[in-house]
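Accompanying notes for the structure given below.
Here the structure is a predicted model, which means the values were calculated and not measured. For the numbers below, each heavy atom of this structure counts, side chains included, while hydrogens, waters and symmetry mates do not.
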Amino acid sequence: MSADTMPNALVIDGKRDRLLVTDSTGGCIWQAPLRGSEAYVWSADPALAPGAFFGANGLKIHDGAVWASNSDHGTIVRIPVTKGGGSGRAEVRARGLEGIDDFHFTGRGTEILAAINQASKLVRVGADGAHEALLDAEDGMQDHGRRRSRKSGLCDQRR
């Protein structure tokens, strides 16, 4: 990886004995062998590119594809894995999620739970890309039974 990369999320692809890493400022996904060696770009699809700041961010392997969030564009991108382990053509599966950070599959097909940092929301994203807020500031996402320290801004266990 070059010195100007910003590694963010990573996943281990045990099936192919490799590590995949998002590069948020470079807008790509790198791969490297688990046993060590030189890393190289696995996908530099334009759907991973940043707008003003952060492109590719969260990263998961699910159902024969690599999935990545793009914070600036507010998208979730699905990249099929080819038989040889390469990257297929990326497709945007959800839009309108500006500020998306990490995400997780719920176990119901391709349904996703995603953290939208700047808006302090947790959203559910359906297989069709439609999304709805499950938790937001009105539900206590900024407090939620814990208080933030006025000095540090960090969560405090006191109630």
Please lay out, stage by stage, how N57 and S71 fare under the test side chain to side chain donor-acceptor pair (under 3.5 Å). CA-CA 6 Å; N57 196 335; S71 295; 2.7 Å; yes

Please lay out, stage by stage, how D45 and R89 fare under the test salt bridge (Lys or Arg N to Asp or Glu O under 4.0 Å). CA-CA 8 Å; D45 192 280; R89 185 176 178 172; over 6 Å; no

Report whether W42 and L59 are members of the same hydrophobic cluster (ILVMFWY, side-chain heavy atoms less than 4.5 Å apart, transitive linking). yes

Compare every heavy atom of C28 with every heavy atom of A44, then report the nearest pair and how far apart it is. CA-CB, 4.0 Å

Whether the side chain of W30 engages the backbone of S43 through a donor-acceptor N/O pair (distance < 3.5 Å, no angle test) should be reported. no

Could you tell me which non-hydrogen atom of A56 sits nearest to which non-hydrogen atom of S24, and how far apart they are? O-OG, 2.6 Å

Do you know the tightest heavy-atom contact between V21 and L10? CG2-CB, 4.1 Å

Does the side chain of I76 come within less than 4.5 Å of V92's, by heavy atoms? no

Please check if atom NE2 in H104 has more than 12 non-hydrogen atoms from other residues, nucleotides or ligands closer than 6.0 Å. no

Quick check against the 3.5 Å criterion: does D72 have a side-chain atom that pairs as donor or acceptor with the backbone of P50? no

Atom CD in Q31, atom CZ in R18: separation rounded to 0.5 Å? 4.5 Å

Check this for me: does any side-chain nitrogen of one of D136 and K121 sit under 4.0 Å from a carboxylate oxygen of the other? no

Under 3.5 Å: donor-acceptor pair, side chain of H73, backbone of L48: no

So, applying side-chain contact (heavy atoms from CB on, under 4.5 Å) with S87, which one of L20, I79, V81, I29 is it? I79

Would you say that more than 12 heavy atoms from the other residues, nucleotides or ligands in this model lie under 6.0 Å from the CD of E38, or not? no

For T110 and R93 the tightest heavy-atom approach is OG1-NH2, 4.3 Å

Just checking, any donor-acceptor pair under 3.5 angstrom between side chains of T5 and D23? no

Tell me, with the steps shown, if D17 and R35 meet side chain to side chain contact (heavy atoms under 4.5 Å, CB included). CA-CA 8 Å; D17 201 32; R35 288 176 177 63; 2.3 Å; yes

Closest heavy-atom contact between G129 and A94? O-CB, 3.9 Å

Report yes or no: do T75 and N70 form a side-chain donor-acceptor pair below 3.5 Å? no

Walk me through whether L97 and H131 qualify under side chain to side chain contact (heavy atoms under 4.5 Å, CB included). CA-CA 9 Å; L97 301 165; H131 47 87; 3.6 Å; yes

Working note: I12 + L34, criterion side chain to side chain contact (heavy atoms under 4.5 Å, CB included); need CA distance, chi angles, decisive distance, verdict. CA-CA 8 Å; I12 293 174; L34 284 176; 3.7 Å; yes

Between N8 (side chain only) and T22 (backbone N and O only), is there a donor and an acceptor less than 3.5 Å apart? no

Identify whether NZ of Lys or CZ of Arg in K60 sits under 6.0 Å from the centre of the six-membered ring of F105 and within 45° of that ring's axis. no

Sidechain-backbone polar pair: S69 side chain, G58 backbone, donor-acceptor under 3.5 Å: yes

Beyond-backbone contact of L134 with L113, side-chain heavy atoms, under 4.5 angstrom: yes

Interatomic spacing from CZ in F54 to CD1 in I100 - rounded to 0.5 Å: 13.5 Å

Measure across A47 and V77 and return the closest heavy-atom pair with its distance rounded to 0.1 Å. O-CG2, 3.8 Å

